[in-house]
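For reference, the structure is listed below as C-alpha cells.
Per chain, numbering begins at 1; letters A, B, ... match sequence-line order. No hydrogens, no waters, no symmetry mates; every other heavy atom, side chains included, goes into these values.
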Amino acid sequence: MSATKTIAVPEKPALEGLELKWQARWEADGTYRFDRTRSRADIYSIDTPPPTVSGSLHVGHVFSYTHTDVIARFQRMRGKAVFYPMGWDDNGLPTERRVQNFYGVRCDPSLPYDPAFHPPEKPAKDPISISRPNFIELCERLTKEDEKAFERLWRYLGLSVDWSMTYATIDKRAQRISQIGFLHSLERGIAYQLEAPTLWDVDFRTAVAQAELEDRERDAAYHRLRFDRPGSGAVEIETTRPELLPACVALVAHPADDRYKPLFGHYVLTPLFRAKVPVLAHELADPEKGSGIAMICTFGDITDVTWWRELSLPVRAIIQPNGTLKPITWGQQGWESEDSAAAQRSYDELAGQSVTKARARIVEMLREDGSLIGEPRPIKHNVKFFEKGDRPLEIVTSRQWFIKTMEFRSALVERGRQLKWHPEYMRTRYENWVNGLNGDWCISRQRFFGVPFPVWYRLDKDGQRDYSQPIVPDEARLPIDPSTDVPDGFTAAQRDKPCGFGGDVDVMDTWATSSLTPQISARWREDDDLFPRVFPMDLRPQAHDIIRTWLFSTVLRSHFEHDSLPWMHTAISGFVTDPDRKKMSKSKGNAVTPFALLEEHGSDGVRYWAAGGRPGADTVFDPGQMRVGRRLAIKLLNASKFVLAKPEPVGRITEVADRGMLTRLAEVVKAATESFAEYDYTPALERSESFFWFFCDDYLELIKARRYGDHGAAGAASANSALLLALDAMLRLFAPFLPFVTEEVWSWWKDGSVHRAEWPAAGELLEPIGGEDRRAAEALLEGCRVLGEVRKKKSEEKKPLRTPVVSAIIRAPRHNLDLLDLVWRDVAASGAFQAAPRMEESSTFEGVYELGEPETRA
RNA sequence: GGGCGGUUAGCUCAGCGGUAGAGCACCGGCUUUACACGCCGGCUGUCACAGGUUCGAUCCCUGUACCGCCCACCA
C-alpha cells in the first residue's frame, strides 16, 4: 500500500476534466507500461481485438473494450504484469472501400506508379484511376489518421493499454509474420493451391471464404421448365435461376424417387440450347422440393458443386468474374448442341448481360419457345451473400490458395474444449461452426491492400506459369512483395518473360493475418525473449459474431504452428442493442457517437453502464445507466471528501458499528474477488456498489456525530480509522470500473496510482479488528433497522429528519434488543432521540416513536 | 431443419429449492455542518404457459408458446 501523504481535498470536487488530466499522467508515469522482465507466471497477456479502423468506432466497441479493460485492471492490481497491446485492423477490403470513397479513386493495377500523384481536395464525381502503389499509399495515409482518432478515444475511455505496443495488421511485422505463417503452412502441406469452383463476389471481384457468408432473404420465383426427352415426352423441372440454363450439365433426382427412376441413365435436351444432358441419381436431391428433379448447372450454388464433383460432370461455366455472362461459341468442345445455330441465336441474346438482365431475357425467350410451363411463381428465399457485398455470390472457377480445415475438424473441436469459455455456452457456437464446415479455408483474395503471397512461379518457354513448384524466399527476406521483389537466382528483367518468373498477384484474406494476432503482438520469430513470456496468452476477448472467423482461425493457426491453444481463456462480449432488441450498427442508422457519450456522462459513467453487461449478454443501450454510473462517481468524490475532511484522531477500532461495517466490507471484498477471478465482473461491481450506498446512506449517517467527537476522542478515533480503511479498500474495488474518479480520490491522500495498488484483501479489513466480528455486523443492521423506522415516521409526518424523537417504545425479540444496545449511542445520535426508549421484549418487531418539534435554526 | 440463449415490477436486470429483490421511472416529503449532480419515504409482480419431481418450485425435469442469435446441401 502507498504511504499516506499530506491530504489535499479540493473545495468542490468534480468529474469534469478528469479524463484528460489522468490520461496524461498515466502516460507520463508509464502506469500501464508492460514489465517484460517478469516471468510467464507473473504475466497476464491479452490478445486484444484490433478494431477495423476504416469505420468509426461505435458504442459497441466502447462496450466490449471496457470489459477487457476491467479484467486487465483487475489482473494488474492482483500483481500481474499485464501485456495489453492495441492493434489496428487496417488491412483489407473495408479500408479499400473507404479510401475509394474518401479520395474518389479506384485502383487499376495495370497503371504505373505516379510519384507526383496527390488526391484532389474533394473527391471527384468520376473516380480517378490510380496505380496499386499509389492506392496503397492512400490506404496507409488514411489509416494513420483513423488510428490517431481511435487512440484518442481509447485513451479518453481509460483503456489501460500499453500504448508503446501498438501494431497494425498491414504493418511490416504483421506482413512478415503472415508470410512466415503461410510459408510454414506450405512446408507442412497445410496450405495448397487449386483451381476450383470458388465463392465469388462479382462487385469486389474476389474470392471469399465460407466464414464471410451471410444469408439474406430475397424475392425470387420458381420457373417451371420443360426438358424434352428425345423420342418420348418431356421432364419438368423447377428453378429459380433460369439464366443458368446454358450452364446446365445434368438433371438429378433422388435414387429412390419412383417418378424419375425410369429416366436415370437417359438423356434429355435443354430448352433453347438443345444440349444433351443426362438424368442422374443423387441422395441430395429432395423429392419434396419443386418437381423433385433439379437441373445441375456449373454453378448455381454449393449443392451444384457437390453434385458436379460427386457425379463427375463436365464444366460449362458462363458467369464471368464481373458477374456477366461470357461469350460462348456453341457447337465447339464442351458446348455441344443438337442445334448449334439455334443455341447460338438464343445465347447471343444473353452474352455480356448481367445475371439479372439475362434472367429477364431468357424468361421471355422460354415463354415464346413454349418451354416455360405456366407463369413464374414468386417466392422468398435465402440467398448467400458476401457479408460486405451487395449482390448475391456467384461460383466462379479460379485458382486460389487454401488452408486445410476439413481433415482437422475433430482436433479443432478438441482444442475448443480445452479453451475456457466465458460464458461457457459460447463454445457451442464454435463447435457448430467447425462441424458445419463444408470446405477448406480459401485465403486468397483478388484485392490490393493486403499481405501478398510471398511466392513466385517459373514461366516456361511459352510464358505459362508453372504452379506446381512455387519459388519461395528465405525467411530472412520477409516481408516481400513478389510484384516488385525478385526471387533469388533471377533478375528483374526476367519478370513475366518466357523462362523467367512471375509473382503471385493475390493478397491474403484479412483473417489470414488476423488469425496471427497473438504472434504479431508477441513478436514471434523476432523477439525470442518476449514471445515465451506471453504466449500462449491468457485471454482472447472478442464479440460472438466473429467466433467463426477470428476465434476459429486463430485456434487453427496456433494448432498447426505451436501445437497449442493460442490462449487459455476467451471472454465473449455481447452486442449493444437498441430498445427494439436490434443490434446497433451504423448501417441501421441507430449508432451513437461514442465521444459525445463520454463527454456527456463521463468515461466512468459510460464504463459503469458497459460493466453491467455480463459476458456474452446482449445489452440495451441505456443512457439512464450511464447517468447512474456518473452519480456513483460523484458520490465517490463527495463521500471521500467527507472521510478525508477530518481524518484525525485515529486509533483502535473499538466501536461495534465500525467493526460491523468492516466485517461486512470484508465479505464484499471476498465475493468480488471470487467473481472477478471467474471473469464475472458484473457481480463484483454490483456488490461493491450496493455496499457503498449502504456505507453512505446508513453507516455514515449513523456514526457522523461520534466521528465529529460528540462522544469523545476514542469513539472518533475508532470511526476515523474504520472510515480510512474502508475508503482505501472501496477505491480499489471500484478502480477497474471507474478508473478516473478512483484515481482522483486516491491522489488526494496517497502517492502512486490506485491502478498499481494491490487488489484489496479481506484480511486487511479484519486484521485491525482482530478478525471477523459477526455480532457487530448484525448489530449494525439492527441499528439501521431502527434508524429506518424513525426516518419513515418522520417522512410520514412530513417533518425534517432532524426532528427529535421525544419518546419511543421499541419492541423486538431479546436477541435483537441486545444487539441494538451495542450500537444504541450511534442510533440515538443520528435519529435525534432525546431520551432513552423503552425496550420491550416481544416476538414481533414494532417501534412507536413520538416526534417533537424540529429546532428552528438561526 | 438442427442448436444456443432468454421470458421475474412500467423499463433495465439480479436472484435460482424454503413466505419475491435492486436500480431507473413514478408519487409524496426534507435546506440534513460530504454531496440538491443531494437525502428520506412510498407504490408496483398469477416470477410466459401446461404438466411432473418434492413436505415445499420463480428456481430442478418434460413439453408448449413467444423473443433474440448461431448453424444448415433454401433446385
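- Nucleic acid contact for A:Arg216: none, since no nucleic acid atom lies under 4.0 Å from a heavy atom of the residue.
- Using a 4.0 Å heavy-atom cutoff across all strands shown, A:Ala14 reaches no nucleic acid atom at all.
- The separation between A:Glu424 atom CD and B:C4 atom P is 13 Å, rounded to whole Å.
- Between A:Phe63 and A:Trp609, the angle of the ring planes lies from 30° to 60°, which puts this pair in the tilted group.
- In this structure, A:Leu393 atom CG and B:C73 atom P are separated by 13 Å, rounded to whole Å.
- For A:Asp618, counting side-chain heavy atoms from C-beta on, the closest listed nucleotide (B:G68, B:C74, B:U31) is B:G68.
- Taking atom CG of residue A:Leu284 and atom C1' of nucleotide B:C73, one finds them 5 Å apart after rounding to whole Å.
- One donor-acceptor pair, N or O on each side, does fall under 3.5 Å between the base of B:C35 and the side chain of A:Lys635.
- Figure legend. B:U53 is base-paired to no nucleotide; pairs are counted as Watson-Crick or G-U wobble with both atom distances under 3.5 Å.
- Using a 4.0 Å cut-off between charged nitrogen and carboxylate oxygen, A:Arg630 and A:Asp604 do not count as a salt-bridge pair.
- Residue A:Asp301 is classed as a sugar-phosphate contact, given heavy-atom separations below 4.0 Å to backbone atoms only.
- A donor-acceptor pair under 3.5 Å is formed between the side chain of A:Asn435 and the backbone N or O of A:Glu431.
- Between A:Gln210 and B:A72 there is a side-chain N or O to OP1 or OP2 distance below 4.0 Å.
- For the P atoms, the distance linking B:U8 with B:C13 amounts to 10 Å, nearest Å.
- Counting non-hydrogen atoms under 4.0 angstrom, A:Trp609 reaches nothing in the nucleic acid.
- Regarding contacts with the backbone of B:U32, a side-chain N or O of A:Arg802 is found under 4.0 angstrom from either OP1 or OP2.
- The partner of B:U58, taking Watson-Crick or G-U wobble pairs whose two distances both stay under 3.5 Å, does not exist in any strand shown.
- What separates CG of A:Asn432 from C1' of B:C70 is a distance of 6 Å, to the nearest Å.
- Between the side chain of A:Lys646 and the backbone N or O of A:Asn720 there is no donor-acceptor pair closer than 3.5 Å.
- With hydrogens and angles left out, the side chain of A:Ser795 and the base of B:G28 share a donor-acceptor pair within 3.5 Å.
- For A:His381, a side-chain nitrogen or oxygen approaches OP1 or OP2 of B:A75 to under 4.0 Å.
- For A:Lys420 and A:Tyr679, the positive end is not near the middle of the six-membered ring at less than 6.0 Å and at most 45° from its axis.
- In this structure, B:C4 and B:G68 make a Watson-Crick or G-U wobble pair, each of the two defining distances being under 3.5 angstrom.
- Across the protein-nucleic acid pair, A:Arg548 atom CZ and B:G3 atom C1' stand 15 Å apart, rounded to whole Å.
- Across all strands shown, B:C13 is found opposite B:G21 as a Watson-Crick or G-U wobble partner, with both distances under 3.5 Å.
- Comparing B:U54 with B:C59, their C1' atoms sit 13 Å apart, to the nearest whole Å.
- Aromatic ring orientation, A:Phe692 versus A:Phe695: parallel (interplanar angle below 30°, classes split at 30° and 60°).
- Taking atom C1' in both B:G52 and B:A57, one finds a spacing of 11 Å when rounded to whole Å.
- Distance, A:Lys792 NZ to B:C43 C1': 12 Å, rounded to whole Å.
- Closest-nucleotide positions on RNA chain B for A:Leu15 and A:Pro287 were compared, and the one nearer the 5' end corresponds to A:Leu15.
- Taking the P atom of each, B:C35 and B:A20 are spaced 40 Å apart, rounded to whole Å.
- Judged by distance alone, with hydrogens and angles left aside, A:Asp697 brings no side-chain donor or acceptor close enough to the base of B:C40 to form a pair under 3.5 Å.
- Put simply, CD on A:Glu689 is 16 Å from P on B:C13, counting in whole angstrom units.
- Nucleotides B:G45 and B:G38 are separated by 30 Å at their C1' atoms, to the nearest Å.
- Without hydrogens or angle criteria, A:Lys794 side chain to A:Thr803 main chain gives a donor-acceptor distance under 3.5 Å.
- When both pairing distances are held under 3.5 Å, B:C30 makes a Watson-Crick or G-U pair with B:G38.
- For B:C43, there is no paired base (Watson-Crick or G-U wobble, both distances below 3.5 Å).
- Following rounding to the nearest Å, A:Lys704 (NZ) and B:C40 (P) show an atom-to-atom distance of 10 Å.
- Residue A:Lys12 is the one, among A:Ser291 and A:Lys12, whose nearest nucleotide of RNA chain B lies closer to the 5' end (criterion: closest heavy atom).
- No side-chain heavy atom of A:Leu437 sits less than 4.5 Å from a side-chain heavy atom of A:Leu412.
- For A:Glu686, the side-chain atoms get nearest to B:A14 when compared with the rest of B:A14, B:A75, B:C73.
- One finds no side-chain N or O of A:Asn438 lying less than 4.0 angstrom from the OP1 or OP2 phosphate oxygen of B:A72.
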